[in-house]
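Here is the structure we will look at, set down as structure tokens.
Order of the sequence lines fixes the chain letters, A, B, ..., with proteins taken first and strands second; residue numbering starts at 1 for each chain.
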2 protein chains.
Amino acid sequence: MARTQGSHSDITGPRIREAALRLFAQHGYAAVSMRQIAKEVGVQAGALYNYTPDKQSLLFNLMAGHMADLQAAWDAVPQAGSALERLRAFTGFHIRFHLERPDAVFIAYMELRNLTEENFTVIESLRRDYENGVEGILKQGVEQGVFTIPDTKIATLAVIAMLNGVNTWYRSEGRLSLDEVERVYWGMVQKAVST
Amino acid sequence: MARTQGSHSDITGPRIREAALRLFAQHGYAAVSMRQIAKEVGVQAGALYNYTPDKQSLLFNLMAGHMADLQAAWDAVPQAGSALERLRAFTGFHIRFHLERPDAVFIAYMELRNLTEENFTVIESLRRDYENGVEGILKQGVEQGVFTIPDTKIATLAVIAMLNGVNTWYRSEGRLSLDEVERVYWGMVQKAVST
DNA sequence: ACAATAACTGAACAGTTGTTCAGAAAAAAG
DNA sequence: CTTTTTTCTGAACAACTGTTCAGTTATTGT
């Protein structure tokens, strides 16, 4: 056998990335073999190498793509208004964005140690960019006197860590709606940084 | 060759656990082989099986041991005083305990997916016990009117997630002392839950 | 109808995986 | 000193790893 019926590059490519994303999130990068990914897609392992030069690139591209999506989505959120309003917007954005792609978020935070040194540097840089955007809001609030924060860098990381935690417990069928979750977290974030 | 000079069970056992802890934290459970652990200890791979029935048990015992240590240490902290004082004590305890064992913490949070189903259940239960202790403090504060929290379960997870974040950036040679870190985080935790 | 190209198979490569076990040597017990 | 026990080696097992590639087939272009 060789080329199969209905085989198309623009279909197989995304399917490989989807399968890899899900499997990496579920079992971890190192625990997932190329043959498992291929099986999920319904293809032989060798076929994967038409779409990625190697396994490491597959992971890196998933992570880099996620970080790029995150930054682009956040850049698209209008930044008008006071520091308080901007932080409110960030809280809602961050929670919703992360809850929509739990697998990508999981990988982006858990598989950093499986990146080569250069790939790690790239991802870390993208993450810092995102964090700096948040820190900018906090700094603005401090200057305007509406926020009281002894260290904006730590506060940034603390806020993000707190919001990321939602991914560990939120289930869409659960007790709380997305709006309620957002309101609860915003209450805590707002109080934590306010004067 | 066979038994080597100076070989002792009560030395090799702990050394295996230490090596496994460090390597699992650094590269991930699935990415570390029994031969790598053995090499670190200075022994052949087969020798490890005098100390653990298999690789899975090695991971599980590290995680279960960590959770037991955590609970025992927290139980040893006196619980007298107001809800605010108890939460203050928890904040300091949690930060310090976690910063003292970054590897164990990392594993306990990151390697859950590499546990068998039954082992996972056990660890999850231990984690819930710990969280329930924290929630008890928040509930007490709500009853006494000093805390305003719409959902104590979420607030518990949010506080813990925020505190856990310290492990991702704190370095003992860094800008801030432990006392300063504790004060900054306590400021945010306290404000986030207070009335 | 035919040629060119894109997509995939299936086998093969050398190396690694967790785990078992007979045997050997050091330490402890007598 | 001799026997027993503890601790470890070294080889072996079958299964699996990421990756390459010649060959085969479906699709596209002419």
Handout entry: Any A/Tyr51 side-chain N or O less than 4.0 Å from OP1/OP2 of C/dA7
Key = no
Practice task
Any ring-ring contact (aromatic ring centres under 6.0 Å, His included) involving residues 132-174 of chain A? Give me the pairs, sequence neighbours left out, ordered by first then second residue.
Solution key: none
Exercise for the section: Starting from P on C/dT17, measure out to CD on B/Gln56 and report it in whole angstrom. Expected result: 18 Å
Problem - Centroid separation B/His66 to B/Tyr109 less than 6.0 Å - result: no
Handout entry: Where at least one partner belongs to residues 46-63 of chain A, residue pairs that pass salt bridge (Lys or Arg N to Asp or Glu O under 4.0 Å), sequence neighbours excluded
Key = none
Completion exercise
Contacts satisfying salt bridge (Lys or Arg N to Asp or Glu O under 4.0 Å) that involve residues 21-43 of chain A (not counting sequence neighbours) are A/Arg22-A/Glu40
Exercise for the section: Could you list the residues that satisfy side chain to side chain donor-acceptor pair (under 3.5 Å) with A/Gln79, not counting sequence neighbours? Expected result: A/Arg86
Handout entry: Pairwise salt bridge (Lys or Arg N to Asp or Glu O under 4.0 Å) hits with a residue in residues 93-102 of chain A, at least two apart
Key = A/Arg96-A/Asp179, A/Arg96-A/Glu182
Practice task
Name every residue in residues 38-46 of chain A that has at least one heavy atom under 4.0 Å from any atom of DNA chain C, in order of residue number, or write none if there are no such residues.
Solution key: A/Val43, A/Gln44, A/Gly46
Practice task
Measure from CG on B/Asn50 to P on D/dC8 and round the result to the nearest Å.
Solution key: 7 Å
Problem - All pairs passing salt bridge (Lys or Arg N to Asp or Glu O under 4.0 Å) where residues 148-167 of chain A contributes a residue, at least two apart - result: A/Glu131-A/Lys153, A/Asp151-B/Arg175
Exercise for the section: For B/Asn114, enumerate each residue passing the side chain to side chain donor-acceptor pair (under 3.5 Å) test, keeping only those at least two apart in sequence or located in another chain. Expected result: B/Glu111
Practice task
Give a yes/no on whether any side-chain N or O of A/Thr12 is located under 4.0 angstrom from OP1 or OP2 of C/dC8.
Solution key: yes
Problem - Rounded distance in Å - CG (B/Leu48) to C1' (C/dC21) - result: 15 Å
Handout entry: Estimated bend of the helix from C/dA1-D/dT30 to C/dG30-D/dC1 (axis per five terminal pairs, rounded to 10 degrees)
Key = 10°
Exercise for the section: Take the protein atom CG of A/Asp54 and the nucleotide atom P of D/dT20, then report the distance between them rounded to whole Å. Expected result: 8 Å
Practice task
List in numerical order all residues of residues 21-37 of chain B for which some heavy atom is under 4.0 Å away from an atom belonging to DNA chain C.
Solution key: B/Val32, B/Ser33, B/Met34, B/Arg35, B/Gln36
Practice task
Identify, with sequence neighbours excluded, every residue that meets side chain to side chain donor-acceptor pair (under 3.5 Å) alongside A/Thr148.
Solution key: A/Thr195
Practice task
When you get a sec, tell me which of D/dG18, C/dG18, C/dC8 is the closest nucleotide to the side chain of B/Tyr49?
Solution key: C/dG18
Practice task
State whether the side chain of B/Tyr29 and the backbone N or O of B/Arg113 hold a donor-acceptor pair below 3.5 Å, judged by distance alone.
Solution key: no
Fill in the blank from the handout: Residues at least two apart in sequence or cross-chain that pass side chain to side chain donor-acceptor pair (under 3.5 Å) with B/Glu180, listed by chain then number, are B/Ser177
